[in-house]
Amino acid sequence: MKNNVIPTVAEATVNFRILPGETIESVKAHIEKTVSEKVRVEPVGHLTNPSPVSTVESEAFQILAKTIRSQNPDALVVPGLLGGGTDSRNFYDISEEVYRFYPIRINPESMTRFHGIDEKISKENYKEIIEFSYLLIKNFN
């Protein structure tokens with residue numbers, strides 16, 4: 001093995017965030033088509049397809065939006081993508097509509113701490129989350 005010798009074998013691990021509407025198989029097919037048929041693609045690790053998309057037309061979403069606006073009257077409530085896995089995948093078998101939301105206040109400093117050293121929220125924000133959870137449960141009754 002020398003720096004100027006082309007290796008006979010190469011290996012890479014790539015972590016994908018798969019968009020709704022795509023699957024593990026469709027991503028694999030795209031890689032094979034884009035890179036080369038000579039490249040072997042093997043999915044590894046804990047594999048899950050993207051979460052089902054929940055509608056904004058449901059009564060559940062309307063109650064969620066109402067609860068958000070009750071704490072933040074100027075808030076624009078719109079759907080979005082969550083860039084990581086959550087425990088919500090455990091609820092797909094019992095509900096067609098699964099929403100992932102907590103009123104966590106994020107500033108530029110917070111962004112550097114996600115899943116890292118000193119990950120935290122303020123006491124005031126924690127109180128807001130508890131109040132929000134209480135109101136959400138109350139609004140569903």
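- A heavy-atom distance below 4.5 Å is not found between the side chains of Glu96 and Ser54.
- Transitive grouping of hydrophobic side chains (ILVMFWY, heavy atoms separated by less than 4.5 Å) keeps Val78 and Leu64 in distinct clusters.
- The side-chain heavy atoms of Phe16 and Ile24, taken from C-beta on, include no pair separated by under 4.5 Å.
- Smallest separation of non-hydrogen atoms from Ala65 and Val77: CB-CG1, 3.8 Å.
- No more than 12 heavy atoms of other residues, nucleotides or ligands lie within 6.0 Å of OH in Tyr134, so this atom counts as exposed by the packing criterion.
- Within the model, atoms CD1 of Ile104 and OG of Ser122 stand 10.5 Å from one another, a figure rounded to the nearest 0.5 Å.
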Quiz item: Can you list the steps and then say if Tyr126 with Glu128 is a side chain to side chain donor-acceptor pair (under 3.5 Å)?
Solution: CA-CA 5 Å; Tyr126 186 62; Glu128 287 177 311; over 6 Å; no
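- Note on Ile63 and Leu135: separate hydrophobic clusters, where clusters join Ile, Leu, Val, Met, Phe, Trp and Tyr whose side-chain heavy atoms are under 4.5 Å apart, directly or indirectly.
- Although no hydrogens or angles enter the test, the distance criterion places a donor-acceptor pair under 3.5 Å between the side chain of Ser133 and the main chain of Ile129.
- Ring geometry for Phe101 versus Phe132: interplanar angle over 60°, hence perpendicular rather than tilted (30 to 60°).
- Separation of atoms OG (Ser58) and CZ (Phe61) is listed at 7.5 Å; rounding is to 0.5 Å.
- Of the possible polar contacts, one joining the Asn107 side chain to the Glu109 backbone as a donor-acceptor pair under 3.5 Å is found.
- Among all heavy-atom pairs drawn from Thr48 and His46, the shortest one is CG2-NE2, 3.6 Å.
- Salt bridge annotation for Arg40-Glu32: absent, with no cationic side-chain nitrogen under 4.0 angstrom from a carboxylate oxygen.
- Looking at heavy atoms from C-beta onward, Tyr92 lies in side-chain contact with Ser51 at the 4.5 angstrom threshold.
- Looking at every heavy atom in both residues, Val56 comes nearest to Pro79 through CG1-CG, 3.8 Å.
- Residues that satisfy the side chain to side chain contact (heavy atoms under 4.5 Å, CB included) test with Glu11, not counting sequence neighbours, are absent from this structure.
- At distances below 3.5 Å, not a single donor-acceptor pair connects side-chain atoms of Asn141 with backbone N or O atoms of Lys138.
- Both Val27 and Leu47 are assigned to one and the same hydrophobic cluster, defined by single-linkage of ILVMFWY side chains at heavy-atom distances under 4.5 Å.
- One distance of note links CG of Asn49 with OG of Ser26; it measures 8.0 Å at 0.5 Å rounding.
- Heavy atoms from other residues, nucleotides or ligands lying under 6.0 Å from CG of Asp87 number 12 at most.
- As a member of the Ile/Leu/Val/Met/Phe/Trp/Tyr network built from side-chain separations under 4.5 Å, Leu76 groups with nothing else and remains a singleton.
- Atom CZ of residue Arg100 and atom CG of residue Leu81 lie 9.5 Å apart, to the nearest 0.5 angstrom.
- Here the straight-line distance linking atom OG1 of Thr67 with atom CG of Asn139 works out to 4.0 Å at 0.5 Å rounding.
- When hydrophobic clusters are built by joining Ile, Leu, Val, Met, Phe, Trp and Tyr residues whose side-chain heavy atoms come closer than 4.5 Å, directly or via intermediates, Ile137 is not grouped with Ile68.
- The nearest pair of heavy atoms linking Glu97 to Thr55 is OE1-N, 2.7 Å.
- Minimum interatomic distance between Val41 and Lys28 (heavy atoms only, all atoms of both residues): O-CE, 3.2 Å.
- Separating the CD1 atom in Ile121 from the NZ atom in Lys127 is a distance of 13.5 Å, to the nearest 0.5 Å.
- Under a hydrophobic clustering in which Ile, Leu, Val, Met, Phe, Trp and Tyr are joined whenever their side-chain heavy atoms come within less than 4.5 Å, directly or via other members, Val39 and Val14 fall into the same cluster.
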